[in-house]
S.K.: 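The structure is given below, and queries will be raised subsequently.
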Amino acid sequence: MIHPVFLIGAGPGDPELLTIKAVKALRQAEIVLADDLVNPEVLAHCPQARVIPVGKRGGCRSTPQDFIQRLMLRYARQGRKVARLKGGDPCIFGRGGEEAAWLAARGVPCEIVNGITAGLAAATAIGIPLTLRGVARGVTLVTAHTEDGGAPDWAALARSGTTLVVYMGVARLPATAAGLLEGGLPGDTAVAMIERASLPGQREIRSTLARMQADASCQGLRSPAILVIGDVAACSRFGVAAASLPAPARAARA
Ligand code: SAH
């Protein structure tokens, strides 16, 4: 009998941000393939399982995607209960969709268990609301790094009027800043950079679009980090210097 493969989001790092559904699935797993962004403390929920680390950090030695998929398939076909544990949410820059489709095409069903994606957790961890009435009507999650070397349409994002939450952005800060500035976003737009969100050693760097590259390099920003770009990034502990907000939000807060 083939059991569905669980694609589980382990959240941003803090083990308490795991869902109850994730914990239940981990308790039943026999084989756990764990990404390296997963906090090892999460593995306390599956002491019975054989854990296979399958890290894929950008630029580092990694386990090829094809190999990971074949491993999942092999164990599933052996009738084992397989869980694939990924940082954040499996379907936000996590290849969850790809893996589910690949397994489905081979007759193996998947169950996806959401996790809290790093962008949401990072903003909350330093007191930024990603949407705020009168300030930000939406949020765009975007990666600065694509496998084919392509870049996002920064000009369109600059015009979107949404808070931009940038994943995998540390190595692409100059291109990100240049693209958004050229796209018309003002140089004094607030930027917050959050390293190791929700983990011990979490750091935040407050900056602006014009200065973010200099501030990041001067303070040694390292991956994993999230960039939050937009007026809400001026918020701190959910409070704001009223003067730093556009007029409608000031009025709403009065
Ligand atoms: N599926 C994951 C994202 C994987 S892509 C999710 O939903 O969160 C890897 C990127 O996620 C990193 O380059 C970084 O931008 C971000 N990231 C993951 N964990 C993070 C953390 N604890 N703090 C800050 N950024 C993190």
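Just so you know, ligand 1 is whichever comes first in the structure, and atom 1 is the first atom listed for that ligand.
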S.K.: Less than 3.5 Å between some nitrogen or oxygen of D89 and one of ligand 1, yes or no?
M.R.: yes
S.K.: Decide whether an N or O pair under 3.5 Å exists between T117 and ligand 1.
M.R.: yes
S.K.: Indicate yes or no: at least one non-hydrogen side-chain atom of I226 is less than 4.5 angstrom from one of V166.
M.R.: no
S.K.: Counting non-hydrogen protein atoms only, what is the nearest one to atom 22 (N) of ligand 1? Give residue, atom name and distance.
M.R.: P12 O, 2.9 Å
S.K.: Under 4.0 Å between a side-chain nitrogen and a carboxylate oxygen: does that hold for K86 and E99?
M.R.: yes
S.K.: For L85, run the side-chain contact (heavy atoms from CB on, under 4.5 Å) check against L7, L37, L43, V54 and tell me which one passes.
M.R.: L43
S.K.: What about V166: any of its N or O atoms under 3.5 Å from an N or O on ligand 1?
M.R.: no
S.K.: Check whether the side chains of R80 and H3 place a donor and an acceptor atom closer than 3.5 Å, and report yes or no.
M.R.: no
S.K.: For L37, counting its heavy atoms only, list the atoms of ligand 1 lying under 4.0 Å from any of them.
M.R.: 9 (C), 18 (C)
S.K.: Quick test: of every protein heavy atom, which one is nearest to atom 4 (C) of ligand 1, and how far off is it to 0.1 Å?
M.R.: F93 O, 3.4 Å
S.K.: I want to check something: taking the side chain as every heavy atom from C-beta on, are Q78 and R74 in contact at a cut-off of under 4.5 Å?
M.R.: yes
S.K.: I need the L221 CG to L227 CG distance, nearest 0.5 Å.
M.R.: 7.5 Å
S.K.: So between G13, S198, A118, G94, whose heavy atom ends up nearest atom 8 (O) of ligand 1?
M.R.: A118
S.K.: What I want to know is whether I116 and ligand 1 share at least one N or O pair that is separated by under 3.5 angstrom.
M.R.: no
S.K.: Judged on heavy-atom distance to atom 1 (N) of ligand 1, which of L227, V165, I92 sits nearest?
M.R.: I92
S.K.: Indicate yes or no: does D35 engage R84 in a salt bridge with an N to O separation below 4.0 Å.
M.R.: yes
S.K.: How far is atom 24 (C) of ligand 1 from its nearest protein heavy atom, and which residue and atom name does that atom have?
M.R.: P224 O, 3.5 Å
S.K.: Any nitrogen or oxygen of I194, main chain or side chain, under 3.5 Å from a nitrogen or oxygen of ligand 1?
M.R.: no
S.K.: Check L209 against V191 and note the closest heavy-atom contact, atom names and distance.
M.R.: N-CG2, 3.5 Å
S.K.: Going by distance only, is there an N or O of M168 that falls short of 3.5 Å from an N or O of ligand 1?
M.R.: yes
S.K.: Give me the nearest non-hydrogen protein atom to atom 2 (C) of ligand 1 as residue plus atom name, then the distance to 0.1 Å.
M.R.: G87 O, 3.2 Å
S.K.: Would A197 count as being in polar contact with ligand 1, using the rule that some N or O on each side must be under 3.5 angstrom apart?
M.R.: yes
S.K.: Do me a favour and list the nearest non-hydrogen protein atom to atom 11 (O) of ligand 1 with residue, atom name and distance?
M.R.: Y167 CD2, 3.5 Å
S.K.: For A225, state whether at least one heavy atom is located under 4.0 Å from any atom of ligand 1.
M.R.: yes
S.K.: Would R196 count as a contact residue for ligand 1, given that I'm defining contact as a non-hydrogen atom of the residue lying under 4.0 Å from a ligand atom?
M.R.: yes
S.K.: Heavy atoms only: give me the nearest L181-G187 pair and the separation to one decimal.
M.R.: CD2-CA, 3.6 Å
S.K.: Taking 4.0 angstrom as the limit and counting only heavy atoms of I226, give me the atoms of ligand 1 inside it, by number and element.
M.R.: 15 (O), 16 (C), 24 (C), 25 (N)
S.K.: Taking atom types as modelled and ignoring hydrogens, do the side chains of R50 and Y75 form a donor-acceptor contact shorter than 3.5 angstrom?
M.R.: yes
S.K.: Side chains of D215 and S207: any donor to acceptor distance under 3.5 Å?
M.R.: yes
